[in-house]
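Just below is one structure, and these are the notes that go with it.
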Amino acid sequence: MRVLDGALAPPDGTGSRILFVDLETTGLSGGAGTIAFLVGCAWFDIGALQVRQFLLTSYAAERALLAAVAECFDDTALLVTYNGKTFDVPVMETRWLFHRMEMPLDGVRHFDMLHPARRLWRDRPDGVAADAYADGDAGCRLATLERVLFGVRRVGDVPGMEIPSRYFRFLRSGNAAPLEPVLEHNRLDLVSLAAVTAHAARLAHEGSDACRDGSEALALGRVYERAGAVDRALACYGRAARDSHAAVDVKGEALYRIGLRHRRERRFAEAAAIWRELRDLDGGSRPLMTELRRFAAEALAVHHEHRERDLEGARELALLALEEADGASFHVKAEATRHRLSRLDRKLAQKKDSHLFGGCI
DNA sequence: TTTAACTACTCCGACTCGCG
DNA sequence: CGCGAGTCGGAGTAGTTAAA
């Protein structure tokens, strides 16, 4: 999981357990008025996922609930949440602080699966995003991921917005029936969180071979590159670029990243070959491909001017890049290309002069 | 040795989007 | 609905390279 979150070191220290946590609360605002009335915890033991839920049956019992949860956090090496950095952990810490209790999470490593999930699956043209938007649903919500990654569709699940009002109804009436689906929702969220985390960890461990398609390979490559695993990143980009079923945007970005990697490591000839391949991709008028083709023309112009000493070729490519400059940053990029063109013209004129001069002698 | 061009950083502000 | 972690693009800067 270190690959998935650079800040994360492998579990060590006193605890030994990886603990998945999900809260149901009385609202979203997160201030002192928001209470976690259900704390779900899950961990792997004896070959299965064990789930334990702490339900607050009255406000008076909150201190006891927090103490029981703190006890459950003992022996935890790693806490895993979904958006927990922003939501679950601050809510819990506020409650412990409110009761002037010790903070059981101090010193416990925390892995928030939301951000790696976005890196891995947000941009899937055929997957999470497209499917989610068709449903009017957000792209990387936990329930969306479980549907797209595992083909699971929840039946009769409680919408999150309904959860606080169901709890208030329970407090007023004492009837726990409206809470049953909330407990089930929390349990499913924990199972999903564990499954999504395990799936991401498998991808990170097994690399490009474990990817289902080019789009996932491209995303995993970005994750590896961020983590400094350059060779594994290149393997993923290669897989994405050569995937015959991959969308042209996916291939284009994969080639672009392979080319950048070559150039950064001063393998200029290999980089140039990739820029040529990128220019040969048939991307139609897709904005990303238009920009990548322009970028490749500019990079090839640099290569021809400075490495191959082919001023005419460089000029031709710079002209192409200028023609293809488009979009929001048109002016900045076109300006740089014009600057390049005028320098190339100057150099070509000098070359011509020196030839003439040489010829007269 | 000087100079221009390129590259790789860092920093900052403006976003986006998940949670019940 | 509010909050905040993370991302993205632009601007500025320091270091590197190679030609003259």
Side-chain angles (χ1 to χ4, degrees), chain A residues 4-7 21-40 56 81-94 110-123 128-129 132-133 137-145 157-168 179 181-183 185-186 188-190 192-193 196 219 222-223 225-226 259-266 268 271 288 291 298-299 301-303 305-309 311 314 318 327-333 335-337 339-340 342-344 346-347 350-351 354:
Chain A
L4 296 173
D5 182 344
V21 171
D22 181 51
L23 304 186
E24 309 307 325
T25 71
T26 55
L28 263 187
S29 51
T34 299
I35 286 175
F37 68 83
L38 178 61
V39 181
L56 185 69
T81 61
Y82 205 76
N83 198 27
K85 280 188 182 170
T86 304
F87 188 73
D88 302 66
V89 167
V91 166
M92 280 194 287
E93 286 187 330
T94 302
H110 179 196
F111 177 67
D112 187 340
M113 186 60 219
L114 167 66
H115 309 291
R118 279 187 176 150
R119 281 175 220 132
L120 283 171
W121 300 301
R122 185 188 46 196
D123 292 338
V128 174
Y133 293 136
D137 200 0
C140 263
R141 289 168 60 173
L142 190 54
T144 311
L145 282 186
D157 190 36
V158 196
M161 262 176 65
E162 241 181 62
I163 288 173
S165 60
R166 280 175 179 260
Y167 182 64
F168 295 133
L179 279 188
V182 176
L183 285 156
H185 168 90
N186 179 254
L188 289 177
D189 272 356
L190 285 168
S192 262
L193 174 59
V196 168
R222 287 195 217 110
V223 169
E225 201 171 7
R226 258 177 64 101
L260 281 185
R261 216 358 98 185
H262 283 314
R263 190 175 71 177
R264 211 170 284 168
E265 285 160 27
R266 314 193 62 74
F268 296 113
L288 175 67
E291 171 54 21
E298 184 94 37
V302 170
H303 183 72
E305 179 184 353
H306 296 281
R307 319 276 168 213
E308 302 213 332
R309 317 257 178 261
L311 297 179
S329 50
F330 171 80
H331 291 293
V332 177
K333 281 165 186 166
E335 199 43 51
T337 311
H339 184 69
R340 183 181 315 286
S342 64
R343 183 179 64 242
L344 282 165
R346 213 166 53 231
K347 282 188 181 179
Q350 279 171 9
K351 197 172 143 194
S354 71

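Fair warning: this is a prediction, and the values are worked out from it, not measured in the lab. The analysis underlying the following values was restricted to heavy atoms, covering all of them including side chains, and did not include hydrogens, waters or symmetry mates.
- When the C1' atom of C/dC3 is taken as reference, atom CD of A/Glu93 falls 15 Å away, rounded to whole Å.
- Within 4.0 Å (heavy atoms only), A/Asp22 reaches sugar-phosphate atoms of the nucleic acid but no base atom.
- With A/Asn83 contributing its side chain and A/Leu114 its backbone, the two residues share no donor-acceptor pair below 3.5 Å.
- Here the nucleotide nearest the side chain of A/Ser29, chosen from C/dG2, C/dT7, B/dC19, is C/dG2.
- Between A/Arg122 and the phosphate of C/dC8, there is a side-chain N or O to OP1/OP2 separation shorter than 4.0 Å.
- In this structure, the CG atom of A/Leu188 is 12 Å from the P atom of B/dG20, given to the nearest Å.
- For the atom pair CZ of A/Phe168 and OG1 of A/Thr26, the computed distance is 5.0 Å after rounding to the nearest 0.5 Å.
- A donor-acceptor distance shorter than 3.5 angstrom exists from the side chain of A/Thr94 to the backbone of A/Pro90, with no hydrogens or angles considered.
- Between the C1' atom of C/dC3 and the CG atom of A/Asp88 lies a distance of 13 Å, rounded to the nearest Å.
- Residue A/Tyr82 is classed as a sugar-phosphate contact, given heavy-atom separations below 4.0 Å to backbone atoms only.
- A/Arg141 has no side-chain polar atom (N or O) that falls below the 4.0 Å cut-off from OP1 or OP2 of B/dC17.
- Of all heavy-atom pairs between A/Arg166 and A/Pro181, the closest is NH1-CG, 3.5 Å.
- Atom pair A/Trp121:CH2 and B/dC17:P shows a separation of 18 Å (rounding to whole Å applied).
- Atoms CG and CG, from A/Leu142 and A/Asp189 in turn, are 5.0 Å apart once rounded to the nearest 0.5 Å.
- Separating the NE2 atom of A/His303 from the C1' atom of C/dA18 is a distance of 15 Å, rounded to the nearest angstrom.
- Formation of a donor-acceptor pair under 3.5 Å by the A/Tyr167 side chain with backbone atoms of A/Leu38 is not found in this model.
- Checking C/dG4, B/dC19, C/dG6 against the side-chain heavy atoms of A/Asn83 singles out B/dC19 as nearest.
- A straight line from CG of A/Asp112 to C1' of B/dC19 spans 10 Å, rounded to a whole angstrom.
- Using modelled atom types, one side-chain atom of A/Thr25 and one backbone atom of A/Gly27 make a donor-acceptor pair closer than 3.5 Å.
- Residue-to-nucleotide proximity on DNA chain C shows that, of A/Phe87 and A/His115, the 5′-proximal contact is made by A/Phe87.
- Here B/dG18 is the nucleotide among C/dG6, B/dG18, B/dG20 with the atom lying nearest to any side-chain atom of A/Leu114.
- Rounded to an integer number of Å, the gap from A/Leu142 CG to B/dG20 P is 9 Å.
- Nucleotide B/dC17 holds its P atom 14 Å from the CG atom of A/Leu145, rounded to whole Å.
- Counting any heavy atom pair closer than 4.0 Å across all strands shown, A/Thr25 reaches sugar-phosphate atoms only and no base atom.
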Between the protein and nucleotides 6-9 of chain B, list every N/O to N/O distance that falls short of 3.5 Å.
residue	atom	partner	partner atom	Å
B/dC6	OP1	A/His306	NE2	3.4
B/dC6	OP1	A/Arg340	NH1	2.4
B/dT7	OP1	A/Arg263	NE	3.4

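- Scored by the side-chain contact (heavy atoms from CB on, under 4.5 Å) test, A/His115 finds A/Asp112, A/Arg118, A/Arg119 as partners (sequence neighbours excluded).
- Using a 4.0 Å cut-off, no side-chain N or O of A/Arg118 falls inside it from OP1 or OP2 of C/dT7.
- Toward the 5′ end of DNA chain C lies the nearest nucleotide of A/Met161, the other residue of the pair A/Met161 and A/Pro90 mapping further downstream.
- The phosphate of C/dG6 (OP1 or OP2) has a side-chain N or O of A/Lys85 nearer than 4.0 angstrom.
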